[in-house]
Amino acid sequence: MTRTRVHQLLDGVQIGLRFEEGRPAQWIPITDVDVHELVRAQPWRRHLTYRGEQLDLGIYAAISTVQNPVATDGIWERMELADFDPTVRSMIGQPFKLRAEQGPGKAGYIPDLMLISNDGKITLVDSSPTAGELCPSERVLDWAEEIINARGWTYEWWTGPKDAQHYTNIKALGGFCRPMHQVQQALIEPILALCTDAELPIHAVEKSLTNEKMPQPMVRAVIQHLLWWGDLTTDLHRPITTGTRLRTDAAGRRPAPDQWDVGTRLILGHDRGTIVRCEGDELVVDLDPSGFGQGERSFNRHDLAEKATALPTAYQRPLLPAQPFTVPR
């Protein structure tokens, strides 16, 4: 696409962003918007329900990105796959509105889902409408795809998982992705140690660690937790059975407490946080905004090691790079 063509397409196209609930949207030229503004934006639409009303929408609370629940219109499976993908750092349902002064874009366009990767790349996803759901005209969708590609973003039309078994495994493992009890957390290192030098089947790991205080179902739950987070790996394109072999990559292991430093991401109960200061054995953690708490809290390294675990290396995300808009030569 030539520079002249890109300028013609994007000229007059604006993007509307909502940063605070109840405040008017901010409209800016699409060429001026930065990835950091998109990360801070609130969903464009708020789906309200009334007593007795049937609403075929879901609310997905992202685990890996620790965002507020995201509204979804028929793309639940795509959200589950994105939540499992460590390269995705942010996902927002119906994140903004595009509009143009004339042509198909005059009617406006709102994407179903926005995914932002660790390197700042942006993917906008639309899905096939469900029965009774309103859908933009083909002319509007074609215009939106052309605008999105011209801006340097990626457009995706979601029709469902391509690999049903892969999706089934991720969906099943998703039930074990949330923080575990401290008793179960104590099993993480023994399980990873068993799988470091050999690919052991699940039943062998369970047999090695099961005892009166740690029954087999609890051991399996920790294994499934580690599979979802990527501490353990296996072929997820095949059914998971007791004979499924587990392996671990030393380079992907979670940082040990004595390795925690400024920038290390931690799971602390229901919260996530980042270590912002280290003063000997005193660590200051800046908690992510959530319904449970936020702000800076100080901990002794030993005490923090008993309460928190580090996120796997794949989720120790760098800062988003600044990405000013440039037209390809």
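All figures in this text were calculated on a predicted structure; none of them were measured in a lab. Keep in mind that the numbers below use all heavy atoms, side chains included, and drop hydrogens, waters and symmetry copies.
Looking at D126 and Y155, their side chains come closer than 4.5 Å, going by heavy atoms from C-beta outward. With a 4.5 Å cut-off on side-chain heavy atoms, N149 and E145 count as touching. Looking at F96 and P111, their side chains come closer than 4.5 Å, going by heavy atoms from C-beta outward. Residues L124 and E156 fail the side-chain proximity criterion, which asks for heavy atoms closer than 4.5 Å. Between D83 and V88 the shortest side-chain heavy-atom distance does not fall below 4.5 Å. Put simply, the side chain of L141 reaches to within 4.5 Å of the side chain of Y109, judged on heavy atoms. Side-chain contact between D261 and I275: absent, with no pair of heavy atoms (C-beta onward) separated by less than 4.5 Å. Under the 4.5 Å side-chain criterion, counting only non-hydrogen atoms from C-beta, I191 is in contact with L226.
No side-chain donor from either of D286 and T274 sits under 3.5 Å from a side-chain acceptor of the other.
Contacts of E189 classified as side-chain hydrogen bond (donor to acceptor under 3.5 Å, both in side chains), with partners at least two apart in sequence or in another chain: R253. Applying the side-chain contact (heavy atoms from CB on, under 4.5 Å) test to N211 and every residue at least two apart in sequence or in another chain returns K213, M214. In terms of the side-chain hydrogen bond (donor to acceptor under 3.5 Å, both in side chains) criterion, residue partners of E306 (sequence neighbours excluded) are, by chain and number, H302. Residues that satisfy the side-chain hydrogen bond (donor to acceptor under 3.5 Å, both in side chains) test with R277, not counting sequence neighbours, are E296. Residues satisfying the side-chain hydrogen bond (donor to acceptor under 3.5 Å, both in side chains) test with E77, not counting sequence neighbours, are none. Qualifying side-chain contact (heavy atoms from CB on, under 4.5 Å) partners for A107, counting only residues two or more places apart in sequence or in other chains: V140. With sequence neighbours excluded, no residue forms a salt bridge (charged side-chain N to carboxylate O under 4.0 Å, His left out) with R99. Under the side-chain contact (heavy atoms from CB on, under 4.5 Å) criterion, A172 pairs with no residue at all, not counting sequence neighbours. When the side-chain contact (heavy atoms from CB on, under 4.5 Å) test is applied to E37, the partners found at least two apart in sequence or on another chain are L17, F19, I28, V33, D34, R40. Remark: H203 pairs with no residue by the ring-ring contact (aromatic ring centres under 6.0 Å, His included) rule, at least two apart or across chains.
Applying the salt bridge (charged side-chain N to carboxylate O under 4.0 Å, His left out) definition to pairs two or more places apart or across chains, those involving residues 162-175 are E80-K171.
Residues A310 and L266 come closest through the heavy atom pair CA-CD2, 3.8 Å. Between A308 and W260 the shortest heavy-atom distance is O-CH2, 3.8 Å. When every heavy atom of A150 is checked against every heavy atom of V6, the shortest pair comes out as O-CG1, 3.9 Å. Residues S117 and R89 come closest through the heavy atom pair O-CD, 3.5 Å. Between C177 and W229, the closest heavy-atom pair is O-NE1, 2.9 Å. Closest of all the heavy-atom pairs between P86 and N118 is O-ND2, 3.2 Å.
The closest donor-acceptor contact from the side chain of D112 to the backbone of S127 lies under 3.5 Å. Distance alone, capped at 3.5 Å, is enough to place a donor-acceptor pair between the Q259 side chain and the A256 backbone. At distances below 3.5 Å, at least one donor-acceptor pair connects side-chain atoms of R301 with backbone N or O atoms of P257. A distance-only check finds no donor-acceptor pair linking the side chain of D85 to the backbone of L81 [under 3.5 Å]. No donor-acceptor pair under 3.5 Å is formed between the side chain of W44 and the backbone N or O of I110. The backbone N or O of L236 lies less than 3.5 Å from a partner atom in the side chain of N169, making a donor-acceptor pair. Looking only at distances, a side-chain donor or acceptor of T248 sits under 3.5 Å from a matching main-chain atom of D231. Between the side chain of R245 and the backbone N or O of E199, at least one donor-acceptor pair lies under 3.5 Å.
Side-chain contacts under 4.5 Å among hydrophobic residues (ILVMFWY), followed directly or transitively, place V262 with no other residue at all.
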- request: Could you walk me through whether I15 and L38 pass side-chain contact (heavy atoms from CB on, under 4.5 Å), step by step?
  value: CA-CA 10 Å; I15 182 170; L38 295 177; 4.1 Å; yes
message: Set out, in order, the CA-CA distance, both residues' side-chain angles and the distance that settles side-chain contact (heavy atoms from CB on, under 4.5 Å) for W153 and T123, then state yes or no.
response: CA-CA 6 Å; W153 301 336; T123 300; over 6 Å; no
Step-by-step side-chain contact (heavy atoms from CB on, under 4.5 Å) determination, T242 to R220: CA-CA 10 Å; T242 56; R220 180 169 296 184; 3.2 Å; yes
message: Run T154 and I122 through side-chain contact (heavy atoms from CB on, under 4.5 Å) and show every step you take.
response: CA-CA 6 Å; T154 300; I122 296 169; over 6 Å; no
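Using cut-offs of 30° and 60° on the angle between ring planes, the pair H166 and H237 is parallel.
To the nearest 0.5 Å, atom CG of residue L194 and atom CG of residue L246 are 10.0 Å apart. Atom OG of S298 is separated from atom CG of L283 by 9.0 Å, given to the nearest 0.5 angstrom. With values rounded to the nearest 0.5 angstrom, M79 atom CE is found 8.0 Å from L115 atom CG. A distance of 10.0 Å separates CD1 of I202 from CD of Q216, quoted to the nearest 0.5 Å. To the nearest 0.5 Å, the span separating CD1 on I223 from CD on Q184 amounts to 11.5 Å. The distance from atom CD of Q14 to atom OG1 of T31, rounded to the nearest 0.5 Å, is 10.0 Å.
The pair K106-E101 does not meet the salt-bridge criterion, since no charged nitrogen lies less than 4.0 angstrom from a carboxylate oxygen.
Follow the hydrophobic side-chain contacts under 4.5 Å out from L232 and you never reach F176; the two are in separate clusters. The cluster map of Ile, Leu, Val, Met, Phe, Trp and Tyr, joined by side-chain heavy atoms under 4.5 Å apart, puts L304 and V284 in different clusters.
The environment of CZ in R247 is crowded: more than 12 heavy-atom neighbours from other residues, nucleotides or ligands sit within 6.0 Å.
Residue P95 is tested with R18, Q42, M114 for a side-chain contact (heavy atoms from CB on, under 4.5 Å); the sole match is M114.
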